[in-house]
Amino acid sequence: EPEVTQTPSHQVTQMGQEVILRCVPISNHLYFYWYRQILGQKVEFLVSFYNNEISEKSEIFDDQFSVERPDGSNFTLKIRSTKLEDSAMYFCASSEQGSNQPQHFGDGTRLSIL
Amino acid sequence: AQSVTQLGSHVSVSEGALVLLRCNYSSSVPPYLFWYVQYPNQGLQLLLKYTSAATLVKGINGFEAEFKKSETSFHLTKPSAHMSDAAEYFCAVSSRVGTGNQFYFGTGTSLTVIP
């Protein structure tokens, strides 16, 4: 069964540095998402991406964050000037179509900011 | 706006006993509802979904959920718990409007199965 893959599984970065989290969505999916889960808290929506542009973003997704689909297969989340509170599990998801379709999640990238 | 409330952050059941995980939603429009399971160090795996067809939805691993509009609930059940069911369970709601399609997750319920 096709799956969403995320790399790396764990990223350790010094505060203030930039990180890029990578995702390969399921190949025939059209919608892509990033979520984050701070330890012990719920999964929070960051951004959705469709037709090569952001279709929705949350308050969390400020100017520090950006997403890109650079080559038709990868979907990346860039976090500039990382802060301690950016430490979390980041999940990528994709879905075939719109809101009635389940989102398929990757195993996540654990981001640790030191 | 949509939101989900999961009552009970921790639920313990004996092996073979009924599993009941509660989820209530709030939505200004008819919702789409989902249950996901998360095993340690893994991503979210879809258990089942409600998208306005049958109100009783059957999912994987013997789980099912019933959509009750009058109670704004979508509780997850399984007749007989198995040790392998121990995991974190998340209820999520999605909007039928717009193109963003973000999911709103509950805070999760950790299920412990006692041998």
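The chains referred to below are lettered A, B, ... by the order of the sequence lines, with proteins before strands, and numbering in each begins at 1.
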* Asked: Any idea which heavy atoms bring B:K49 and A:P102 closest together, and the distance?
  -> NZ-CD, 3.6 Å
* Asked: Do A:V4 and A:Y90 belong to the same hydrophobic cluster, where Ile, Leu, Val, Met, Phe, Trp and Tyr are linked whenever their side-chain heavy atoms lie under 4.5 Å apart, directly or via other members?
  -> no
* **A:L39 atom CG, over 12 foreign heavy atoms within 6.0 Å** => no
* Is it true that B:M83 and B:L20 fall in one hydrophobic cluster, defined by side-chain heavy atoms closer than 4.5 Å? -> no
* A:R69, CZ atom: more than 12 neighbouring heavy atoms under 6.0 Å -> yes
* Check B:Y104, B:F103, B:F105 against A:V43 for a side chain to side chain contact (heavy atoms under 4.5 Å, CB included) and give me the one that passes. => B:F105
* Any chain of hydrophobic side-chain contacts (each under 4.5 Å) joining A:I20 to A:F75? -> no
* Structure fact -> In terms of heavy-atom contacts, B:F90 and A:Q37 come closest through CZ-NE2, 3.4 Å
* Asked: In terms of hydrophobic clusters joined by side-chain contacts under 4.5 Å, are A:Y35 and A:Y50 together?
  -> yes
* Structure fact -> Cut-off 4.5 Å, heavy atoms of chain A, and the answer for B:Q38 is side chain
* What is the distance from atom CG of B:L46 to atom NE2 of A:H104, rounded to the nearest 0.5 Å? -> 7.0 Å
* Region of B:L44 in contact with chain A, defined by heavy-atom distances below 4.5 Å -> both
* To the nearest 0.5 Å, tell me how far B:T51 OG1 sits from A:Q101 CD. => 8.0 Å
* Quickly, which of A:E56, A:Q103, A:K57 forms a side chain to side chain donor-acceptor pair (under 3.5 Å) with B:Q102? Name it, please. => A:E56
* **Expected output: side-chain A:D107 to main-chain B:G43 donor-acceptor under 3.5 Å** => yes
* Asked: Is there a path of hydrophobic side-chain contacts, each under 4.5 Å between heavy atoms of I, L, V, M, F, W or Y residues, that connects A:W34 with A:V24?
  -> no
* Structure fact -> Okay, A:Q6 and chain B: the region with an atom under 4.5 Å from a heavy atom over there is neither
